[in-house]
Amino acid sequence: MRKNTIVIAGSLAAFLLAGSVSAHAEDVLRFATWDSDESLAIQQAIAKKFEEKHPGVKVQVEPYADGYDQKLVAAFGAGSPPDVMYMWNFPQYYTSLMPLDDLIARDAAEIKPDDIPQGLMNTTRVEGKTYGMPAGFTTQVVFYNKDMFKAAGVEEPKDGWTWDDLRAKAAKFRNKENKVYGFAVDAKPDPYDFEQFLWSNGTKYISDDGKTIDGNMNSEAAVQVLDMFGDMAKKEEAATLHVGDDTSGDTLFKGGKIAMFQSAMWSKSGIDSAGFSYGVAPLPKFGDKPAHSALGVSAMSIAKDAKQPDLAWEFVKFFSSPEAVAMRTNDLPVRTSVAEGKGMTKDPVYKPFFDILATSNTETHAFLKNRNWSKVQDNLARAIEATMIDQGNAKAHLDDAVKRSQRFLK
């Protein structure tokens with residue numbers, strides 16, 4: 001998930017002027033993306049393929065990179081937004097985006113919406129309307145170092161394993177002298193991703209109507225989750241990240257300092273280059289409850305004031321087509337048919353990503369339920385960090401977060 005920082009800078013005037021001029025070219029379609037490097041090259045290749053299918057059309061790919069939100073907000077503010085753009089923060093932008101439901105229904109035979117998992121589509125909806133077509137996604141998994149497991153004589157994780165199983169395995173890797181641990185817990189996790197653990201234990205941050213956090217965020221099930229991670233740190237079953245040290249879990253895992261690492265697709269290429277044998281396991285369960293995963297989804301949206309809305313929709317449709325989805329080799333395919341065609345749903349490295357997607361289709365992330373969620377989330381993040389530093393007392397910290405946040409729900 002991208003972090004959202006909104007800053008409108010006067011220095012963007014030249015950029016906006018250039019965008020305004022190009023947007024008025026009759027057959028030029030502007031496409032804004034936050035990606036760079038390999039991902040950008042793939043998007044440019046997709047744009048080129050679209051141009052080949054639509055003679056006389058030029059797709060102007062605009063890589064905003066780390067300045068994505070600043071440039072996008074400034075472009076909307078100046079009345080010169082790109083026609084098509086990458087999107088994730090729909091509550092922030094949806095009033096400036098084109099609803100796509102009627103277009104999807106009209107072109108259902110071509111779109112084949114049933115080929116796109118419902119959980120991915122859920123992340124593009126605000127107030128019952130769809131504002132984007134999924135482009136790429138990741139779920140969360142546990143990577144584990146097969147070499148370390150073999151050397152320690154520890155049995156590798158299996159489907160259906162629990163957090164108790166993970167903790168028992170993790171404890172066997174503790175080496176105080178060499179600072180080796182079995183796992184890592186984060187004192188400053190992204191609350192967006194962290195909600196997956198509450199879902200997996202039968203609760204959530206906020207009610208489905210977006211009005212109630214008391215009894216949800218600070219429920220007994222939520223307290224159990226947070227206290228469990230604090231206890232793992234206390235008993236040294238796991239290294240604790242972001243407490244007096246900014247070393248990442250990714251760095252520790254690739255350096256052989258932790259045997260298991262919970263992360264997502266974005267870590268895979270780095271792990272591939274680390275030079276050791278690894279496996280991928282699903283997220284553990286809490287007892288017999290099904291595990292759920294946070295969904296990191298990028299989507300393609302159309303500006304409500306797009307200069308060429310019909311052409312923009314044609315491009316979004318192509319970007320969502322099996323042909324274009326198959327070209328996105330550094331993303332998990334958003335189409336089930338493409339994933340199955342590539343054998344990814346059976347490949348032991350990729351299968352866990354898709355398996356847990358099937359159990360995460362019914363959950364909706366908190367930021368899609370309440371416009372003031374970012375303010376509530378600040379209090380929640382402080383409660384998580386305080387619990388990890390205390391290595392316990394989650395109930396008090398979560399109660400305090402709820403008390404501080406109630407005014408934002410009115």
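Given the structure is predicted, the values throughout are model-derived calculations rather than measurements. Hydrogens, waters and symmetry mates play no part in the numbers below; they use all other heavy atoms, side chains included.
- M232 contributes atom CE, which lies 13.0 Å from atom CG of D227 (distance to the nearest 0.5 angstrom).
- In this view, K179 satisfies the side-chain contact (heavy atoms from CB on, under 4.5 Å) rule with no residue, not counting sequence neighbours.
- A donor-acceptor contact closer than 3.5 angstrom links the side chains of Q43 and T33.
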Check your understanding: Does the side-chain contact (heavy atoms from CB on, under 4.5 Å) test come out yes or no for M87 and L97, once each step is laid out?
Key -> CA-CA 10 Å; M87 182 56 58; L97 303 177; 4.2 Å; yes
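- Put simply, the side chain of E62 never gets that close to the backbone of A32: no donor and acceptor are under 3.5 Å apart.
- Here the straight-line distance linking atom CG of L409 with atom CD1 of I213 works out to 5.0 Å at 0.5 Å rounding.
- Judged by distance alone, the side chain of R30 and the main-chain N or O of S80 form a donor-acceptor pair under 3.5 Å.
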Point to revise | Full working for salt bridge (charged side-chain N to carboxylate O under 4.0 Å, His left out) between D102 and R106 | key: CA-CA 6 Å; D102 291 344; R106 184 194 74 188; over 6 Å; no
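- Under 3.5 Å, the side chains of N122 and T364 contain no donor-acceptor pair of N or O atoms.
- Ring orientation note: the planes of H292 and W199 are nearly perpendicular, at an angle over 60° on the 30°/60° scale.
- A centroid separation of 6.0 Å or more is found between the aromatic rings of Y131 and F90.
- Side-chain contact annotation: T124 with T130, donor-acceptor N/O pair under 3.5 Å absent.
- Between F149 and Y144, the ring planes lie perpendicular to each other; the angle is over 60°, past the 30° to 60° tilted range.
- No hydrogens or angles considered: a donor-acceptor pair under 3.5 Å links the side chains of D69 and Y93.
- In summary, R371 and E127 engage in a salt bridge, as defined by a charged side-chain N under 4.0 Å from a carboxylate O.
- Minimum interatomic distance between K49 and F318 (heavy atoms only, all atoms of both residues): CG-CZ, 3.5 Å.
- The structure places NZ of K254 at 7.5 Å from CD1 of I271, a figure rounded to the nearest 0.5 Å.
- Ring geometry for Y350 versus F353: interplanar angle of 30 to 60°, hence tilted.
- Taking every heavy atom of both residues into account, N216 and A222 meet most closely at O-CB, 3.8 Å.
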Practice item. Mind running side-chain contact (heavy atoms from CB on, under 4.5 Å) on D186 and K188 for me, showing each step along the way? Key: CA-CA 5 Å; D186 198 341; K188 296 180 180 179; 4.1 Å; yes
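- No side-chain donor from either of Y192 and Q377 sits under 3.5 Å from a side-chain acceptor of the other.
- Aromatic ring pairs are classed by plane angle as parallel below 30°, tilted from 30° to 60° and perpendicular above 60°; the pair F315 and F50 is perpendicular.
- A salt bridge does not link K129 with D101: none of the charged nitrogens is closer than 4.0 Å to a carboxylate oxygen.
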Exercise for review: Give the intermediate values and the outcome of side chain to side chain donor-acceptor pair (under 3.5 Å) for residues D165 and T162.
Suggested key: CA-CA 5 Å; D165 294 331; T162 67; 3.2 Å; yes
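- The minimum heavy-atom distance between P81 and A303, with the atom names listed, is CG-CB, 3.9 Å.
- Across all non-hydrogen atoms, the minimal contact from G392 to H397 is O-CD2, 4.0 Å.
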Check your understanding: Between D147 and S277, is a side chain to side chain donor-acceptor pair (under 3.5 Å) present by the stated rule, with each step listed?
Key -> CA-CA 6 Å; D147 296 337; S277 177; 4.6 Å; no
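- The shortest non-hydrogen separation linking E195 to A366 is OE1-N, 3.4 Å.
- A perpendicular orientation is assigned to the rings of F197 and F194, their planes being inclined by more than 60° (bins at 30° and 60°).
- T251 places no side-chain N or O within donor-acceptor distance of the main-chain N or O of T247, the cut-off being under 3.5 Å.
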Point to revise | Worked verdict on N379 versus D400 for side-chain contact (heavy atoms from CB on, under 4.5 Å) | key: CA-CA 8 Å; N379 291 324; D400 182 63; over 6 Å; no
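- Using cut-offs of 30° and 60° for the angle between ring planes, the Y86 and W34 rings count as perpendicular.
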Point to revise | Evaluation steps, side-chain contact (heavy atoms from CB on, under 4.5 Å), between M217 and L380 | key: CA-CA 8 Å; M217 184 191 298; L380 171 63; 3.9 Å; yes
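- Ring geometry for F253 against F143 counts as tilted: the plane angle lies between 30° and 60°, on a 0 to 90° scale.
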Practice item. Evaluate the criterion side chain to side chain donor-acceptor pair (under 3.5 Å) for residue pair S219 and T203; output intermediate values, then yes/no. Key: CA-CA 7 Å; S219 65; T203 189; 3.1 Å; yes
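- With rounding to the nearest 0.5 Å, the separation of NZ in K257 from CZ in F173 is 14.5 Å.
- Panel note: side chain N178, backbone V180; no donor-acceptor pair is recorded below 3.5 Å.
- The backbone N or O of L40 lies less than 3.5 Å from no partner atom in the side chain of D35, so there is not a single donor-acceptor pair.
- Here the CG-CH2 distance, from N370 to W373, works out to 8.0 Å after rounding to the nearest 0.5 Å.
- Partner of E237 under the salt bridge (charged side-chain N to carboxylate O under 4.0 Å, His left out) criterion, chosen from R167, K172, K169: R167.
- Summarising the geometry, atom NE2 belonging to H242 is positioned 12.5 Å from atom CD1 belonging to I389; distances are rounded to the nearest 0.5 Å.
- Side-chain contact, D231 with Q391: no donor N or O sits under 3.5 Å from an acceptor N or O.
- A donor-acceptor contact shorter than 3.5 Å links the side chain of Q308 to the backbone of V28.
- Scanning for ring-ring contact (aromatic ring centres under 6.0 Å, His included) contacts around F354 gives F137, with sequence neighbours left out.
- Between Y64 and Y68, the ring planes are tilted. Angles from 30° to 60° get that label.
- Remark: the D209 side chain and the S207 side chain contain an N/O donor-acceptor pair separated by less than 3.5 Å.
- Sorted by first then second residue, the side chain to side chain donor-acceptor pair (under 3.5 Å) pairs that include residues 314-327, not counting sequence neighbours, are K53-E323, D107-K317, E110-K317, E314-K317.
- Seen from the ring of Y181, R174 counts as a face-on cation partner, given the 6.0 Å and 45° thresholds.
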Exercise for review: For S39 and N330, run side chain to side chain donor-acceptor pair (under 3.5 Å): C-alpha distance rounded to whole Å, both residues' side-chain angles, the deciding distance at 0.1 Å, then the answer.
Suggested key: CA-CA 7 Å; S39 295; N330 61 340; 2.5 Å; yes
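- The backbone N or O of S263 lies less than 3.5 Å from no partner atom in the side chain of S267, so there is not a single donor-acceptor pair.
- Pairing each heavy atom of R328 with each of S298, the nearest pair is NH2-OG, 4.1 Å.
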Practice item. Check the pair E236, K176 against salt bridge (charged side-chain N to carboxylate O under 4.0 Å, His left out), reporting the backbone distance first and the verdict last. Key: CA-CA 9 Å; E236 297 188 333; K176 196 177 185 74; 3.7 Å; yes
